[in-house]
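One structure is given here, and the rest of the page talks about it.
Everything numeric here is computed off the predicted structure, so don't read it as measured data.
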Amino acid sequence: MKWMTLLLASLCFSVFSSAASAATPPEVVAEAGWVRWLPDGRPAAGYMTLRNHSAQAIDVVAASSPDYGHVMLHQSVSNGTQSRMVHLKKLTLPAHGEVKLAPGGYHLMLEKARTEPALKPGDTVQVKLTLSDGTFLHLTLPVRPPATL
């Protein structure tokens with residue numbers, strides 16, 4: 001009978017600790033995400049605000065999408081007369097901080113759409129961000145027309 005009590009107690013502990021860990025909010029969240037669509041199969045760009053609620057910096061180390069063949073982290077940089085895009089190997093989210101992916105700055109570059117017919121405003125794009133702590137952010141981003149800012 002004693003073993004039944006121990007078994008029941010361990011099952012209760014297991015259920016409660018699983019429920020507690022499932023209720024823990026994610027350390028990194030994405031807010032206000034969207035994709036800027038461009039016509040004629042040109043690359044699209046993904047924007048959002050990434051918030052890191054943890055006490056340590058976390059890097060976005062990769063991005064992928066079943067809707068696009070290539071998804072890369074980029075930054076638009078300007079020297080005053082010319083601007084260009086720079087490919088980033090990672091994007092650091094500071095502890096208890098945020099990074100905005102916005103036109104003219106950091107963004108996701110989405111190339112080689114895989115869907116036929118091609119994506120258009122009103123559709124959604126699935127994106128997975130891989131973080132340096134081993135977690136992932138799975139996002140569904142609405143597609144908007146080019147004039148959207």
Side-chain angles (χ1 to χ4, degrees), residues 10-149:
S10 100
L11 277 172
C12 287
F13 177 76
S14 172
V15 167
F16 288 126
S17 49
S18 293
S21 65
T24 304
E27 293 185 333
V28 176
V29 295
E31 299 173 352
W34 61 285
V35 169
R36 180 190 289 175
W37 170 85
L38 293 174
D40 304 323
R42 292 187 293 178
Y47 306 112
M48 68 199 70
T49 299
L50 295 171
R51 295 187 195 282
N52 179 3
H53 295 289
S54 77
Q56 296 181 23
I58 296 175
D59 297 328
V60 178
V61 295
S64 62
S65 172
D67 301 312
Y68 283 89
H70 298 288
V71 181
M72 298 167 282
L73 292 162
H74 278 188
Q75 181 181 18
S76 296
V77 294
S78 175
N79 65 7
T81 58
Q82 295 178 341
S83 64
R84 62 187 176 96
M85 285 188 286
V86 176
H87 178 260
L88 303 174
K89 293 191 185 286
K90 67 179 181 175
L91 177 62
T92 301
L93 310 176
H96 300 292
E98 70 179 35
V99 174
K100 291 184 187 268
L101 282 70
Y106 295 116
H107 59 278
L108 296 176
M109 181 61 60
L110 301 120
E111 297 179 337
K112 300 189 181 193
R114 292 183 172 159
T115 58
E116 285 298 329
L119 292 167
K120 62 189 178 314
D123 292 340
T124 58
V125 172
Q126 302 300 312
V127 173
K128 180 173 89 172
L129 301 180
T130 303
L131 307 177
S132 59
D133 66 356
T135 61
F136 304 95
L137 279 178
H138 295 275
L139 310 172
T140 300
L141 306 175
V143 178
R144 297 185 183 161
T148 304
L149 291 177

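Among all heavy-atom pairs drawn from L110 and A45, the shortest one is CD1-C, 3.7 Å. The two residues T92 and A57 make their nearest non-hydrogen contact at CG2-CB, 4.0 Å. Taking all atoms of both residues into account, the shortest heavy-atom contact from H53 to V29 is NE2-CG2, 3.6 Å. Across all non-hydrogen atoms, the minimal contact from Y47 to P103 is CE2-N, 3.4 Å. Across all their heavy atoms, I58 and S54 have their closest contact at CD1-OG, 3.6 Å. The minimum heavy-atom distance between P43 and L38, with the atom names listed, is O-CD1, 3.2 Å.
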Assess the residue pair D67 and R114 against the criterion (side-chain contact (heavy atoms from CB on, under 4.5 Å)); give the C-alpha distance rounded to whole Å, side-chain angles, the decisive distance to 0.1 Å, and a yes or no.
CA-CA 5 Å; D67 301 312; R114 292 183 172 159; 5.8 Å; no
side-chain contact (heavy atoms from CB on, under 4.5 Å) for L108 and L129? Distances and angles first, verdict last.
CA-CA 10 Å; L108 296 176; L129 301 180; 4.2 Å; yes
Check step by step if side-chain contact (heavy atoms from CB on, under 4.5 Å) holds for T135 and E27.
CA-CA 9 Å; T135 61; E27 293 185 333; over 6 Å; no
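Taking 4.5 Å as the limit, some side-chain heavy atom of T130 sits within range of a side-chain heavy atom of F136. Between L101 and L91 the shortest side-chain heavy-atom distance falls below 4.5 Å. The side-chain heavy atoms of S83 and S76, taken from C-beta on, include no pair separated by under 4.5 Å. Contact of the W37 side chain with the D123 side chain is not registered, since no non-hydrogen atoms from C-beta on lie closer than 4.5 Å. Within the 4.5 Å cutoff, the side chain of V125 has heavy atoms near those of the S65 side chain.
Here the straight-line distance linking atom CE of M48 with atom NZ of K100 works out to 12.5 Å at 0.5 Å rounding. Of the inter-residue distances, the one linking L139 atom CG with T124 atom OG1 reads 11.5 Å to the nearest 0.5 angstrom. Rounded to the nearest 0.5 Å, atoms CD (Q82) and CZ (R84) are 9.5 Å apart. Separation of atoms CG (L131) and CG (L137) is listed at 5.0 Å; rounding is to 0.5 Å. In this structure, Q75 CD and M85 CE are separated by 12.0 Å, a value rounded to the nearest 0.5 Å. Between atom NE2 of residue H87 and atom NE2 of residue H74 there is a gap of 5.0 Å, rounded to the nearest 0.5 Å.
Remark: side-chain polar atoms of D40 are not paired, donor with acceptor, to backbone N or O of R42 under 3.5 angstrom. Looking only at distances, a side-chain donor or acceptor of N52 sits under 3.5 Å from a matching main-chain atom of L93. Of the possible donor and acceptor atoms, one in the side chain of H107 sits under 3.5 Å from a partner among the backbone N and O of G105.
Residue Q56 qualifies as open at atom CD: its count of foreign heavy atoms under 6.0 Å is 12 or below.
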